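Let me begin by presenting the structure, written as structure tokens, before commenting on it.
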Amino acid sequence: MSLGRVLLGEREIQDRVRKLGEEISRDYAGCELLLVGVLKGAFIFLADLARCLTIPVRLDFITAASYGESMRSSEKVVILKDLGIDLKDRHVLLVEDIIDTGLTIDMLLGNLAGRNPASLKTCALLDKPDRRMVDVKADYVGFVVPDEYVVGYGLDYQDNYRCLKDIYVLGS
Ligand code: 5GP
């Protein structure tokens with residue numbers, strides 16, 4: 001598979017991440033925030049977002065994987081690598097690369113909510129609402145994107161293209 005057109009350029013992405021950082025810093029003023037990145041796709045977004053925050057921040061990462069047929073809501077999402085930090089009484093922001101069917105974030109939210117955080121919200125760089133199977137909405141969204149497969153800025157195709165600075169639609 002080759003790269004198609006640029007959907008979001010580096011400058012546009014960086015401007016939006018800075019704005020998200022300002023908004024999140026305002027909303028959590030006076031608090032310490034735990035950013036939970038969903039690996040691997042969110043690692044670049046999380047690194048940039050964390051450096052745009054002006055509040056005290058801790059970081060941790062979680063890895064989820066889905067099994068079954070990805071086009072069906074019977075697909076099962078499981079945690080492959082869990083957090084090292086106890087969430088109890090912490091303000092937690094779950095950071096995702098993209099929300100597509102919504103199954104991954106829905107499962108992770110349910111799981112993390114059971115660990116008694118002081119608060120739990122979500123931030124997704126990209127939101128692809130056309131393919132949603134469960135009714136989830138991120139609290140902070142970078143960009144709403146059309147139903148196309150995208151790569152770059154952390155997002156992969158078979159583990160390629162993650163380190164591109166722009167976000168591309170995957171070609172054929
Ligand atoms: P969901 O559970 O919401 O369907 O999907 C979440 C995961 O699917 C994302 O974290 C991402 O890893 C993958 N995904 C969904 N859409 C895309 C896409 O357009 N490009 C890439 N690279 N990954 C995607």
Side-chain angles (χ1 to χ4, degrees), residues 1-10 12-14 16-17 20-21 24 34-50 59-84 87 92-115 117 120-172:
M1 287 278 200
S2 58
L3 292 176
R5 71 183 194 281
V6 173
L7 184 67
L8 297 163
E10 178 182 4
E12 193 179 356
I13 296 169
Q14 294 301 332
R16 185 70 189 116
V17 172
L20 283 173
I24 293 166
L34 174 63
L35 295 179
V36 171
V38 184
L39 292 175
K40 297 178 192 174
F43 81 108
I44 288 182
F45 174 44
L46 183 134
D48 284 345
L49 181 66
L59 304 177
D60 205 349
F61 294 91
I62 196 163
T63 308
S66 45
Y67 294 99
E69 292 177 49
S70 61
M71 300 304 292
R72 295 172 56 178
S73 54
S74 58
E75 185 182 10
K76 260 206 153 27
V77 182
V78 297
I79 291 175
L80 287 187
K81 179 211 161 286
D82 206 346
L83 300 171
L87 300 193
V92 176
L93 184 63
L94 186 61
V95 180
E96 258 278 34
D97 52 355
I98 184 166
I99 304 181
D100 183 17
T101 64
L103 292 170
T104 304
I105 202 143
D106 188 53
M107 182 283 283
L108 288 175
L109 277 175
N111 183 292
L112 300 188
R115 306 185 196 194
L120 177 60
K121 287 189 178 183
T122 53
C123 177
L125 175 68
L126 306 178
D127 183 6
K128 206 196 275 184
D130 292 352
R131 289 181 14 107
R132 204 67 103 247
M133 289 178 176
V134 287
D135 186 21
V136 282
K137 244 190 184 159
D139 297 285
Y140 304 95
V141 172
F143 302 93
V144 175
V145 295
D147 182 11
E148 295 179 286
Y149 197 85
V150 294
V151 296
Y153 198 68
L155 291 126
D156 76 311
Y157 174 68
Q158 297 184 346
D159 236 10
N160 293 310
Y161 304 126
R162 289 194 196 279
C163 297
L164 298 172
K165 292 179 178 166
D166 306 310
I167 294 178
Y168 294 77
V169 172
L170 197 65
S172 48

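Just so it is clear, the structure is predicted and the values come from calculations on it, not from any experiment. Count residues from 1 along the sequence. For ligands, and for the atoms within them, numbers begin at 1 and follow the listed sequence.
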Sorted by chain and residue number, the side chain to side chain donor-acceptor pair (under 3.5 Å) partners of R16 (sequence neighbours excluded) come out as none
Using a cut-off of 6.0 Å, state whether more than 12 heavy atoms not belonging to D159 lie near its atom CG.
yes
Students often mix this up, so state it plainly: with edges at 30° and 60°, are the rings of Y157 and Y149 parallel, tilted or perpendicular?
perpendicular
Heavy atoms from other residues, nucleotides or ligands near NZ of K81 exceed 12 (cutoff 6.0 Å)
yes
Run D127 and R132 through salt bridge (charged side-chain N to carboxylate O under 4.0 Å, His left out) and show every step you take.
CA-CA 10 Å; D127 183 6; R132 204 67 103 247; 2.6 Å; yes
Applying side-chain contact (heavy atoms from CB on, under 4.5 Å) between L94 and each of L34, V36, L35, report the one that passes.
V36
Dump all N/O pairs between ligand 1 and the protein below 3.5 Å as a table: atom names plus distance, one pair per row.
from, atom 1, to, atom 2, distance (Å)
ligand 1, 2 (O), T101, OG1, 3.4
ligand 1, 2 (O), T104, N, 2.9
ligand 1, 2 (O), T104, OG1, 2.5
ligand 1, 3 (O), D100, N, 2.8
ligand 1, 3 (O), T101, N, 3.2
ligand 1, 3 (O), G102, N, 2.9
ligand 1, 4 (O), T101, N, 2.8
ligand 1, 4 (O), T101, OG1, 2.5
ligand 1, 10 (O), E96, OE1, 3.1
ligand 1, 10 (O), D97, OD1, 2.7
ligand 1, 16 (N), K128, NZ, 3.4
ligand 1, 19 (O), K128, NZ, 2.9
ligand 1, 19 (O), V150, N, 3.0
ligand 1, 20 (N), V150, O, 2.7
ligand 1, 22 (N), Y149, OH, 3.1
ligand 1, 22 (N), V150, O, 3.0
ligand 1, 22 (N), D156, N, 3.4
ligand 1, 22 (N), D156, O, 2.7
ligand 1, 23 (N), Y149, OH, 3.4

